[in-house]
Amino acid sequence: MVDTEHPVRVRFAPSPTGSLHIGGARTAYFNWLFARQHGGTFVLRIDDTDTARSTEASLQEILDSFRWLGIDWDEGPIVGGPHGPYRQSERQEIYRAALDKLVSEGRVYPCFCSQEQLAKDREEAQRQGRAPRYVGRCRNLSREQVKAKMDAGEPHVYRFRSPQVGETVVHDVIRGDVVFSNEELDDFVVWKADGTPTYHFASCVDDSEMHITHVIRAEEHLSNTPKHVVLFEALGAELPVFAHVPMILAPDRSKLSKRHGATSVREYRDAGILPEALINYLLLLGFAPGEDKEILTREEAIKLFDLERVTKHAAVYDVKKLEWLNAQYFRALPVDQVLDMVWSLLREAGYVEENPDAHTLAWIRTVIQTSQDRSRNAGELIANVSYYFQAPQQYDEKGVKKHFSHPDVADRLDQLADALDTVVPFTVSNIERLYRGLAESWQVKAAQLIHPTRLAISGVTVGPGLFDIMALLGREECQERMRWVAVKLRAGQL
RNA sequence: GGCCCCAUGGUCAAGUGGUUAAGACACCGCCCUUUCACGGCGGUAACAGGGGUUCGAAUCCCCUUGGGGUCACCA
């Protein structure tokens, strides 16, 4: 399937009218993987012909998203390249020249029908149960008629003179040959009355000019592809290989939209998802690397990716699995990297000073170490370490019932707090020795001391080893929190 | 509505005429642990339905159903 005569050239052509959607990110990633695998070129082309909706901010966000994901482009904005410009808004002359050529060859003809007339045609067709296609009113105007209308300055578009018989076959790497009857092919508009090309036209001209060998894009374009095929032929361009990748659906099998939660790369980034995790998940959505491998590096992905083995059916997006994958990557991160990641969050929460001394920094580092493998992302981590920085504001309700209900709890907490004075130095093993010893002499299970203490100190029933927490918190802070709970318990306030 | 694509557990997804129909996430047990998470072990759960073809169909064909896409002077 892979054309070895020409080096692989693929492209992704986002429209800067919003964020980079995860569906788009996946399509781009597949393109990128394919290019890298074949030592080819990945082109980024900006489809900004819709000047009303395109914004510079969107463009920047999209580029940022690509950088964050680690998807680099060989030709495109900023990096340039031999087939530029890479913004469609700057390629007007190129489209114009292509149009002129097709007009002179009679492959395209001017159409003077008004929008109102067209709307009426459509209604009529609908009434008669026919497909709403262009009726061909201007298809065979004589040279004189055209000239007369042109001279009169009548507004017009240009339509492609589509074949009306036979069939057009789209060779799709993922789906095989897809046959379309040419009777379905409309004389579609290639040039708008405002003097600009339509999407189909600009896209084909660009793909042709940029020598794109493989068009890997979303499935929604499959039905439009016959138009592109006939356009490529008219343009005298070599047909690229097509591959239409399935769409990504929401859990209810509808199109993924804002109401289903995060849909843009930016949102996942903000939510603490790691780029490696996202990209890994996107790959798994529609492709099985084989060998039961699910977690794989970019290099492995490049090696194992196979366009022909991309699934044919749409995939439902499962955030749970993304989160699981993210956890895998998050836990494997070096502590210092995690520290960098969460620093701003720690600052925002007011947990840390702007420029802590070396001792404090080392302490924070250790704190993070205790909770990193208990968290799936930066946000969870911050929530999990809050008690290291401030006394509990409240105590887990179930925990209170379970661990604070025994009548001796208040006394025990006080006694334990007092006993902490004897722990020198205040280390994990020394604290543990004290607890185990006391449990034995009090004839209770160590757990009966550990759980109330944990709840008193952290406010929650889960977390790292209690003695680790205590050693990090320091003797006095522990004593204070334990005695405070004892007081509240006696006052019946807990 | 016409045309096109698709259809294996709740989700992702192996499978390409003969398998006890993988694996992962999620869920449920058990183990480990002071708790949680991690980890380990085990479990529930699928070939949309109906016809063919064949000695034999998840795998091939047809129909039905369902889902999606597309039919613009939007991309």
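All values below come from the heavy atoms of this structure, side chains included, with hydrogens, waters and symmetry mates left out. Protein chains get the first letters and strands the later ones, always in sequence-line order, with residue 1 at the start of each.
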| Check: A/F287 ring centroid to A/F305 ring centroid under 6.0 Å | yes
| field | Short side-chain N/O contact from A/K192 to OP1 or OP2 of B/A75, under 4.0 Å | value | yes
| Under 4.0 angstrom, heavy atoms only, what part of the nucleic acid is A/V179 near: base, sugar-phosphate, or nothing? | sugar-phosphate
| With a 6.0 Å cut-off on ring centres, are A/F12 and A/F30 close enough? | no
| said: Heavy atoms only, 4.0 Å cut-off, all strands: where does A/T49 land among base, sugar-phosphate and nothing? | reply: sugar-phosphate
| query | So which of residues 371-393 of chain A are in contact with RNA chain B, with a heavy-atom cut-off of under 4.0 Å? | reply | A/D373, A/R374
| Roughly how many Å is it from NE2 in A/H313 to C1' in B/C4, rounded to a whole number? | 18 Å
| query | Could you state the CZ-P distance from A/R133 to B/G2, rounded to the nearest angstrom? | reply | 16 Å
| field | Contact residues, residues 431-453 of chain A to RNA chain B [heavy atom, < 4.0 Å] | value | A/R436, A/I450, A/H451
| query | Taking for each residue the nucleotide of RNA chain B bearing the nearest heavy atom, is the 5' side occupied by A/R331 or by A/P251? | reply | A/P251
| A/K227 vs B/U70: side-chain N/O to OP1/OP2 distance below 4.0 Å | no
| task | Scan A/V157 against the nucleic acid and name what it touches under 4.0 Å (heavy atoms): base, sugar-phosphate only, or nothing. | result | base
| remark: Per nearest nucleotide of RNA chain B, the residue lying toward the 5' end, A/L322 or A/Q88, is A/L322
| Whole-Å distance separating the CZ atom of A/F287 from the P atom of B/G15 | 10 Å
Distances under 3.5 Å between protein N/O atoms and the N/O atoms of nucleotides 67-69 of chain B, please, pair by pair.
residue	atom	partner	partner atom	Å
B/G69	O2'	A/E220	O	3.3
B/G69	N2	A/S223	OG	3.0

| query | How many Å lie between NZ on A/K293 and C1' on B/A14, as a whole number? | reply | 16 Å
| request: Give A/P464 one of three labels, base, sugar-phosphate or nothing, depending on what nucleic acid heavy atoms sit under 4.0 Å from its own. | output: base
